[in-house]
Amino acid sequence: MSTTASDPLAALGSLPGVPDAVDSVRKAVDRVYGHRVMRRRSNEVTAEAALRGSRGSAVLAGADWNLEEVRRRTDFSGEDEARTVGAALRLTAEAGQLLSVWRQSPLRVLARLHLVAAGGATPDDAVGRPRLAGEAVDEPLIEAPLPSAGEVAGRLEGLSRLIIAGGSAPALITAAVVHGELLALRPFGSHNGLVARTAERIVLIGSGLDPKSICPAEVGHAEQGRAAYVAALEGYTAGTPEGVAAWITHCGRSVELGVRESTAVCEALQRGAA
């Protein structure tokens with residue numbers, strides 16, 4: 001992601017298709033927030049969205065468990081898939097605790113997210129810090145060329161400055177860029193996808209677009225499928241206006257699908273079926 005505009009993230013809002021995606025997401029979010037169930041039972045919707053979002057993020061990380069298995073399970077140690085699901089659940093729970101820190105110190109938040117995701121699964125000296133030159137990255141879904149450790153450090157610092165500076169960019173654009181940059185960079189030795197999707201969630205919540213965290217984009221990313229996710233990311237990493245716009249639009253569609261999921265939860269609660 002590169003641009004020379006004074007407000008680079010806001011400048012992305014003029015890319016073809018992006019204004020429509022931003023408008024569509026805003027309307028969808030407004031509709032679910034206006035649901036009558038949200039007046040008295042929003043905490044239940046939030047809890048269910050967290051569970052479903054965690055499951056969606058884990059699916060993209062290679063742990064395709066059904067929702068009831070995620071809901072039922074209490075032990076997430078042992079096999080790799082269980083640890084992945086456990087990491088996704090821990091990250092979702094942690095996201096809400098880091099909102100106040102994000103705008104002041106996003107790199108500190110990313111370090112914390114990696115620490116939470118790793119959960120003791122990687123060597124202690126590799127947890128919570130960007131990878132060093134020569135260190136391997138375990139991220140099998142993303143096969144794009146791996147930036148050097150030096151490039152990672154520079155781009156992370158640039159992303160941090162953009163977040164701290166704020167700006168007028170819509171939440172969808174900021175969330176998509178944060179998500180895309182972290183996937184492209186893969187700054188940690190492991191769990192980069194889980195961390196990237198959690199950072200996207202933090203932006204959507206902290207921006208005020210989804211303050212109650214009921215629009216799990218992770219659900220939408222999983223529903224659109226791993227192949228579509230990777231293809232959209234390839235467009236982003238190519239850096240062309242069309243590729244970046246396609247990634248933002250993909251992220252917007254994911255939020256809308258998350259909205260649809262939570263709308264169904266609201267309907268079920270209204271019927272007394274959940």
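Of all heavy-atom pairs spanning L233 and G180, the tightest one is CD1-O, 3.9 Å. Heavy-atom minimum distance, C266 versus V37: O-CG2, 3.3 Å. Residue A133 comes nearest to A149 through the heavy atom pair N-CB, 3.5 Å, listed as atom of the first residue, atom of the second, then distance.
A donor-acceptor contact shorter than 3.5 Å is absent between the side chain of T174 and the backbone of A171. Side-chain atoms of Y33 come within 3.5 Å of backbone atoms of K212 as a donor-acceptor pair (strictly under, hydrogens ignored). Between the side chain of E135 and the backbone N or O of L132, at least one donor-acceptor pair lies under 3.5 Å. Panel note: side chain R103, backbone I163; a donor-acceptor pair is recorded below 3.5 Å. Not a single donor-acceptor pair under 3.5 Å links the side chain of S105 to the backbone N or O of L107. A donor-acceptor pair is defined here as one N or O able to donate and one able to accept, closer than 3.5 Å; no such pair exists between the side chain of S262 and the backbone of V259. Between the side chain of H179 and the backbone N or O of T198 there is no donor-acceptor pair closer than 3.5 Å. D210 places a side-chain N or O within 3.5 Å of a backbone atom of C215 that can act as its donor or acceptor partner. W65 contributes no side-chain N or O that, together with a main-chain N or O of R55, makes up a donor-acceptor pair within less than 3.5 Å.
The pair R197-E200 does not meet the salt-bridge criterion, since no charged nitrogen lies less than 4.0 angstrom from a carboxylate oxygen. A salt bridge between E69 and R73 is present, with a side-chain N of the basic residue lying under 4.0 Å from a carboxylate O of the acidic one. R52 and E48 are joined by a salt bridge, as a carboxylate oxygen and a charged side-chain nitrogen come within less than 4.0 angstrom of each other. A salt bridge links R155 with E151: the distance from a Lys NZ or Arg NE/NH1/NH2 to an Asp or Glu carboxylate oxygen falls below 4.0 Å.
Under the 4.5 Å side-chain heavy-atom criterion for ILVMFWY residues, no single connected hydrophobic cluster contains both V203 and I164.
E139 and H191 share no side-chain donor-acceptor pair at under 3.5 Å. For the 3.5 Å distance criterion, the side chains of S77 and R83 fail to qualify, holding no donor opposite an acceptor. At a cut-off of 3.5 Å, with distance as the only test, a side-chain donor of S54 or T92 sits close to an acceptor on the other residue.
Within 6.0 Å of CZ on R108 lie no more than 12 heavy atoms contributed by other residues, nucleotides or ligands.
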